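Single-structure report; data block below.
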2 protein chains.
Amino acid sequence: MIQPMLLLLILKKPTHGYELIQSFNALHEDEIVEPGTIYRNLRRMEKEGFVLSNWEATETGPARRNYAITRAGLKALQGAVLKLKQQKKEIEDFLTEYSDLAAKEGHSDEN
Amino acid sequence: MIQPMLLLLILKKPTHGYELIQSFNALHEDEIVEPGTIYRNLRRMEKEGFVLSNWEATETGPARRNYAITRAGLKALQGAVLKLKQQKKEIEDFLTEYSDLAAKEGHSDEN
DNA sequence: AAGCCTATGTGCGTCATGCACTTAGTGTTA
DNA sequence: TAACACTAAGTGCATGACGCACATAGGCTT
């Protein structure tokens, strides 16, 4: 889940890790992700050729490593989308089975 | 995903690990799960009090360890259902964002 | 006797994450 | 000026989950 979300964020707007952490955890208010995890995912994706980084000097603070998505990254994102569609279907099937059984057996939980 | 599916299977029909492996991988034809993973999950869930096991001798082969779900296991299953609903929503949000962007930018992929 | 199916488990390596910490530049405040 | 806070990136260590391979063992078939 983390990798595709990062790829999508970078695709929407190429940026650096620190801002990605903010954006990521803004959507994920509940279960926040550690900075270290984000940084490591970015470096991993760069090693795999899904993103490219270049340092940018700033006047207001430390230098930033900016990320942009590559063609391979787009392919990876498309692949991840397919997997997520599949995963969504599996979850739906599971929830359906659960609801059916709960309805029959009376482990009622409907809201 | 493995744990809730096992809990649901056991809830539907208390049974032993070997059969759970068959049932599990029958639904999951694509990405099959290792027997070791199933067995370890079952033992873990027993340690956490979600299931109870008892040995049953058979005449046709080696003894089986039969599993039944506990009240705590039912609670855990309900909790997992809530998490999966949440997770499903996150995936849907992601897919929506992706589709919107793909539509606008022309990274067309609609099928 | 050899091989297969049922049935449960373990040992080892790998990978991903959380938690905590480090480094470093800049600005603010007591 | 010293302490603190914010930005920005990263690492070290422990933990946890999984795959792969292997071990063990009962019973049936060829």
Side-chain angles (χ1 to χ4, degrees), chain A residues 1-7 9-10 13-26 28-48 50-68 76 80 83-84 87 90, chain B residues 1-7 9-10 13-68 76 80 83-84 87 90:
Chain A
M1 197 72 205
I2 294 174
Q3 279 203 29
M5 289 206 65
L6 288 177
L7 284 175
L9 285 171
I10 295 171
K13 175 173 168 296
T15 181
H16 55 101
Y18 191 79
E19 196 183 6
L20 286 167
I21 294 168
Q22 318 297 327
S23 316
F24 195 97
N25 287 324
H28 266 237
E29 295 127 6
D30 32 308
E31 250 173 299
I32 58 169
V33 179
E34 289 296 312
T37 301
I38 304 278
Y39 286 122
R40 274 190 278 238
N41 269 278
L42 290 170
R43 304 309 302 277
R44 189 189 317 151
M45 289 196 294
E46 184 168 24
K47 210 190 293 174
E48 294 175 56
F50 298 157
V51 292
L52 280 177
S53 78
N54 59 311
W55 285 98
E56 173 205 17
T58 65
E59 289 152 1
T60 60
R64 300 164 172 174
R65 188 191 282 273
N66 280 311
Y67 286 95
K83 269 189 189 160
L84 285 169
Q87 204 178 320
E90 279 174 25
Chain B
M1 195 74 205
I2 294 176
Q3 279 203 29
M5 289 204 67
L6 288 177
L7 285 174
L9 285 172
I10 295 170
K13 174 175 170 294
T15 182
H16 54 102
Y18 192 78
E19 196 183 8
L20 286 167
I21 294 168
Q22 317 297 326
S23 316
F24 195 97
N25 287 324
L27 305 176
H28 266 240
E29 297 128 4
D30 32 307
E31 251 174 297
I32 59 168
V33 178
E34 289 295 311
T37 301
I38 304 278
Y39 285 121
R40 273 190 280 237
N41 269 279
L42 289 170
R43 304 309 300 276
R44 190 188 317 150
M45 289 197 294
E46 184 167 26
K47 210 189 294 174
E48 294 175 55
F50 299 157
V51 292
L52 280 177
S53 76
N54 60 312
W55 286 98
E56 172 205 17
T58 66
E59 290 152 0
T60 60
R64 300 165 173 171
R65 189 191 280 274
N66 278 311
Y67 286 95
K83 270 189 191 163
L84 284 170
Q87 204 178 318
E90 279 173 25

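Chain A is the first sequence line, chain B the second, and so forth, proteins listed ahead of strands; every chain is numbered from 1. Values in this document were obtained by computation on a predicted structure and should not be read as measured data.
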- E46(B) side-chain N/O to S53(B) backbone N/O, donor-acceptor pair under 3.5 Å: yes
- Between CG of L7(A) and OH of Y67(A), what distance do you get to the nearest 0.5 Å? 12.0 Å
Spacing of [X] atom [atom1] relative to [N] atom [atom2], expressed in whole Å:
X: N66(A); N: dA9(D); atom1: CG; atom2: P; value: 8 Å
X: W55(A); N: dT7(D); atom1: CH2; atom2: P; value: 17 Å
X: L20(B); N: dT6(C); atom1: CG; atom2: P; value: 15 Å
X: I32(A); N: dT17(C); atom1: CD1; atom2: C1'; value: 13 Å
X: H28(A); N: dG18(C); atom1: NE2; atom2: C1'; value: 16 Å
X: I21(B); N: dA7(C); atom1: CD1; atom2: C1'; value: 8 Å
X: I38(A); N: dT7(D); atom1: CD1; atom2: C1'; value: 16 Å
X: E59(B); N: dC28(D); atom1: CD; atom2: C1'; value: 14 Å

- Message: Need one value for I2(A): base, sugar-phosphate or nothing, where a base atom within 4.0 Å counts as base even if backbone is also close, heavy atoms only.
- Response: sugar-phosphate
- Whether over 12 other heavy atoms sit under 6.0 Å from E31(B) CD: no
- Contact nearer the 5' end of DNA chain D, comparing G36(A) with R64(A): R64(A)
- Task: With side-chain contact (heavy atoms from CB on, under 4.5 Å) as the test, would you mind laying out the steps for R43(B) and R65(B) before giving the verdict?
- Result: CA-CA 10 Å; R43(B) 304 309 300 276; R65(B) 189 191 280 274; 3.5 Å; yes
Would you tell me if any nitrogen or oxygen in the side chain of [X] comes within less than 4.0 Å of OP1 or OP2 on [N]?
X: R65(B); N: dG9(C); answer: yes
X: Y39(A); N: dG10(D); answer: no
X: T37(B); N: dG19(D); answer: yes
X: Y18(B); N: dT6(C); answer: yes

- Message: Does this structure show an ion pair linking E19(A) with R64(A), if we count only N-O contacts that are shorter than 4.0 Å?
- Response: no
- Note on the structure: Taking every heavy atom of A80(B) against every heavy atom of P4(B), the minimum-distance pair comes out as CB-CB, 3.8 Å
- Assign each of T60(A) and Q3(A) the nucleotide of DNA chain C bearing its closest heavy atom; nearer the 5' end lies the nucleotide of Q3(A)
- Note on the structure: By nearest-heavy-atom nucleotide on DNA chain C, the more 5' of V33(A) and A63(A) is V33(A)
- Item | 4.5 Å side-chain heavy-atom contact, L42(B) and I10(B) | yes
- Closest of dT8(C), dA8(D), dC19(C) to the E34(A) side chain is dC19(C)
- Message: Nearest to the side chain of H16(B), heavy atoms from C-beta on, is which of dG19(D), dG26(D), dT8(C)?
- Response: dT8(C)
- Carefully, step by step, assess M5(A) and E90(B) under the rule side-chain contact (heavy atoms from CB on, under 4.5 Å). CA-CA 10 Å; M5(A) 289 206 65; E90(B) 279 173 25; 5.9 Å; no
- Message: I need the residues from residues 40-49 of chain B with at least one non-hydrogen atom less than 4.0 Å from DNA chain D; give them sorted by number, or say none.
- Response: R40(B), N41(B), R44(B)
